[in-house]
Amino acid sequence: MDRTPIGSLKEHLNETVTIQGWLQTLRDQKNMQFLIMRDRTGLVQVAHYRPGNPELGDMISTLGSESALTITGKVVENKVVKLGGLEIQLETLTVENAAETPLPFDPFDNDNLPAIDFRMDWRYLDLRREQNLLLFKVQTVLEHAMREYWLENQFIEIHSPKITGSPSESGAELFEVLYFERKAYLAQSPQFYKQMAMAAGFERVFEIGPVFRADPSFTSRHMTEFTGLDMEISWIESHEDVMAFTEKWLQYAYKRVKETYGSEIQAVFGVDIKVPEVPFPRLTMAEAYAILKAQGYKLPPERKGDLDPGGERAIADYVKEKYDSDFLFVIDWPISVRPFYHMRHPDAPELTRSFDLIAGGLEIATGAQREHRYEVLRQQALEKGLGLENIQYYLDFFRYGAPPHGGFGMGLSRVLMVLLGLPNIRESVFLFRGPNRLTP
RNA sequence: GGGGGCGUGGUGUAGUGGUUUAACAUGCGGCCCUGUCAAGGCCGAGACCGCGGGUUCGAAUCCCGUCGCUCCCGCCA
């Protein structure tokens, strides 16, 4: 059987076709029945003249919204039909899976949309909404464009293990799993492994994969499992080289999304995708602090050297105002708030060669030049109070010819959140995982 | 881990001490309607107001506890 996508029916006028999809609306009258059918390519009206087949008409009357149907019929032009000026004259109908009534909620009633938690209970129905269909089309193009750019720049894709043997960076944010007779942990980042790829001489690598964080965070932007976009490049001079690549890469991804779905995004999300100009503005932490101070923004006193989310939003507003940029690198963070593997400035050893990328006021990526000198790295680990036994395998990466290198880690769903202007990360991920959410 | 907010038919809301036998929208069921198209009209079912305790003549409404959700902070992407 040849199935015709609803979106291409106008190419099949006066032909008998088979469509398969969901019954979005049934308008059930005495003599005429109208079935609005949906597949992922669009909507079409199917018309049935009841007296012509009363039995079929009675059966149609029992169909619940969102039932999965196979329908054959003749495609005819009909100017009266507001939905595309055409309709299908029903010939046969097969119920593949009747939808029970009533539905838990109506995915197409935007005025009575349930709260996010209830929609997550029935996520597959929630995903039938056009906003969500488009969101995942956009995500696909976004990821594809990112890969394209990486491949055009001679990157190698890696897949690092998600089961690891020892707590590495701190341990507190790791999920513990039973691994036969002993403990293992879910990787909270591919950080060490992509650095190993640098030691292996791959020179440029990327990874798109799951990362796990055992943080009991209850916010609109955190998940316990999310998709990380990671890359690492060798033979850099400083973190500036990483940022210079990152912004062009992101600019390309935005450009491809806008080209492909710009008008649909405008229609569905009311967002005009703006392809960012490069370079993005860069502010050192010291400059960011001075600006916030001048604005009278009150930073929490105990967080000296760090930027709280409110501060990030304030500085993003400043940059938007002054440079008309939605993106901003905050660079040169103090060592106190950065991990031991970030390289320090030779002329300012209390500062790291690191950056955060802020987009739309939200932190979407963290990057740095890494410390690739074994002894220096070892000393910095000791300074941070880390036990060397657990990370010796990692330190060993830097014993036999490790090139200078750096990279970043970015959150895919956070990028989508910013790109489409969504208020909650739970809207921008296929299935949310949080401290209290393990199903579906 | 700390703090704030919310919990009323399936869903979204109104009602914040007394004709409330808890309202409205949507959904659901039935009937009607010569083609509808955000369909329309009429009728109907559906909520002991998260749960437990208390204050009061009287509690959806006030208080305490508890559970759930949510947002903010911390942590981070």
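Heavy atoms only: backbone and side chains are in, while hydrogens, waters and symmetry mates are out. Chain A is the first sequence line, chain B the second, and so forth, proteins listed ahead of strands; every chain is numbered from 1.
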If the condition is side chain to side chain contact (heavy atoms under 4.5 Å, CB included), which residues does A:D106 pass it with, not counting sequence neighbours? A:F108, A:D109
Check side chain to side chain contact (heavy atoms under 4.5 Å, CB included) between A:L151 and all other residues, then give those that pass, not counting sequence neighbours. A:F206
Salt bridge present between A:D28 and A:R50 (N-O < 4.0 angstrom): yes
Mind checking if A:G409 touches a base, just sugar-phosphate, or nothing, with heavy atoms under 4.0 Å? sugar-phosphate
Euclidean distance for C1', B:G15 against B:A23 (whole angstrom): 8 Å
Residues at least two apart in sequence or cross-chain that pass ring-ring contact (aromatic ring centres under 6.0 Å, His included) with A:H239, listed by chain then number, are A:H345
At under 4.0 Å between heavy atoms, what does A:L113 touch on the DNA or RNA strands: base, sugar-phosphate, or nothing? sugar-phosphate
Between A:S217 and B:C76, is there a side-chain N or O to OP1/OP2 distance below 4.0 Å? no
Do the two ring centres, one from A:Y394 and one from A:F192, sit under 6.0 Å apart? yes
Expressed in angstrom and rounded to an integer, what is the separation of A:E66 atom CD from B:U11 atom P? 18 Å
NZ (A:K274) with more than 12 external heavy atoms under 6.0 Å: yes
Write down the distance between CG (A:D58) and P (B:G30), rounded to a whole number of angstrom. 11 Å
A:D317 bridged to A:K320 by N-O distance under 4.0 Å: no
Length of the CE-P vector between A:M223 and B:C71, whole Å: 13 Å
Span that lies between the C1' atom of B:U26 and that of B:U70, in whole angstrom: 24 Å
Please give, in whole Å, the distance from B:C32 P to A:Q33 CD? 14 Å
Closest to the A:P309 side chain: B:C73, B:C75, B:G1? B:C73
For B:G27, is there a stacking contact with A:F105, counting only centres under 5.5 Å and planes under 30°? no
Just checking A:T219: base, sugar-phosphate only, or nothing, at a heavy-atom cut-off of under 4.0 Å? base
Tell me: CD of A:E100 to P of B:G29, nearest whole Å? 13 Å
A:S65 side chain near B:C28 phosphate (N/O to OP1/OP2, under 4.0 Å): yes
Using the P atom as the reference point in each nucleotide, state the distance between B:U16 and B:G7 in Å, no decimals. 13 Å
Check the interface with nucleotides 66-70 of chain B: list each N/O to N/O pair with the protein under 3.5 Å, or write none.
| from | atom 1 | to | atom 2 | distance (Å) |
| --- | --- | --- | --- | --- |
| B:U70 | OP1 | A:R426 | NH1 | 2.8 |

Send over the distance from A:D111 CG to B:G12 P, rounded to a whole Å. 13 Å
Could you tell me which residues satisfy side chain to side chain contact (heavy atoms under 4.5 Å, CB included) with A:S413, sequence neighbours excluded, listed by chain and number? A:M223, A:I425, A:S428, A:V429
Write out all pairs satisfying side chain to side chain donor-acceptor pair (under 3.5 Å) with one or both partners inside residues 133-146 of chain A, taking only residues at least two apart or from two chains. A:H144-A:E148
Sequence neighbours left out, what passes side chain to side chain contact (heavy atoms under 4.5 Å, CB included) with A:P51? Give chain and number order. A:N31, A:Y49
Pairs: protein N or O with nucleotides 33-36 of chain B N or O, under 3.5 Å:
| from | atom 1 | to | atom 2 | distance (Å) |
| --- | --- | --- | --- | --- |
| B:C33 | OP1 | A:K30 | NZ | 3.3 |
| B:C33 | OP2 | A:K30 | NZ | 3.4 |
| B:C33 | N4 | A:D28 | O | 3.2 |
| B:G35 | OP1 | A:Q29 | OE1 | 3.2 |
| B:G35 | N1 | A:E87 | OE2 | 3.0 |
| B:G35 | N2 | A:N78 | ND2 | 2.8 |
| B:G35 | N2 | A:E87 | OE1 | 2.6 |
| B:G35 | N2 | A:E87 | OE2 | 2.8 |
| B:U36 | O2 | A:R27 | NH1 | 3.4 |
| B:U36 | N3 | A:Q45 | OE1 | 2.7 |
| B:U36 | N3 | A:Q45 | NE2 | 3.0 |
| B:U36 | O4 | A:Q45 | OE1 | 3.4 |
| B:U36 | O4 | A:Q45 | NE2 | 2.5 |

Distance, C1' atom - from B:C69 to B:G12, rounded to whole angstrom: 16 Å
Once you apply the 3.5 Å cut-off to both distances, tell me the Watson-Crick or G-U wobble partner of B:G18, or none. B:C57
Determine the contact category for A:P114: base if any of its heavy atoms lies under 4.0 Å from a base atom, sugar-phosphate if only primed atoms, P, OP1 or OP2 are that close, otherwise nothing. sugar-phosphate
How many whole angstroms separate atom CG of A:L307 from atom C1' of B:C73? 14 Å
Between B:A14 and B:G2, how far is it from one P atom to the other, in whole Å? 30 Å
So side chain to side chain donor-acceptor pair (under 3.5 Å) across residues 74-83 of chain A, not counting sequence neighbours, yields A:E77-A:K79, A:N78-A:E87
Taking B:G5 as the reference, what is the distance to B:G9 when you measure between their P atoms (whole Å, please)? 22 Å
Using a 4.0 Å heavy-atom cut-off, does A:R338 contact any base of the nucleic acid, only the sugar-phosphate backbone, or nothing at all? nothing
Give a yes/no answer on whether the side chain of A:R313 brings an N or O atom under 4.0 Å of OP1 or OP2 in B:C73. yes
Can a side chain N or O of A:S220 be found less than 4.0 Å away from OP1 or OP2 on B:C72? yes
I'd like the C1' distance from B:C63 over to B:A22, given in whole Å. 23 Å
Integer-rounded Å distance: B:G29 C1' and A:L26 CG: 14 Å
With hydrogens left out and only the distance checked, is there a donor-acceptor pair under 3.5 Å joining A:R414's side chain and the base of B:C76? yes
If you measure from the P atom in B:G68 to the same atom in B:A45, how many Å do you get, rounded? 36 Å
With the side chain of A:T101 defined as its heavy atoms from C-beta on, choose the nearest nucleotide among B:A77, B:G27, B:C28. B:C28
More than 12 heavy atoms of other residues, nucleotides or ligands under 6.0 Å from CH2 of A:W150: yes or no? yes
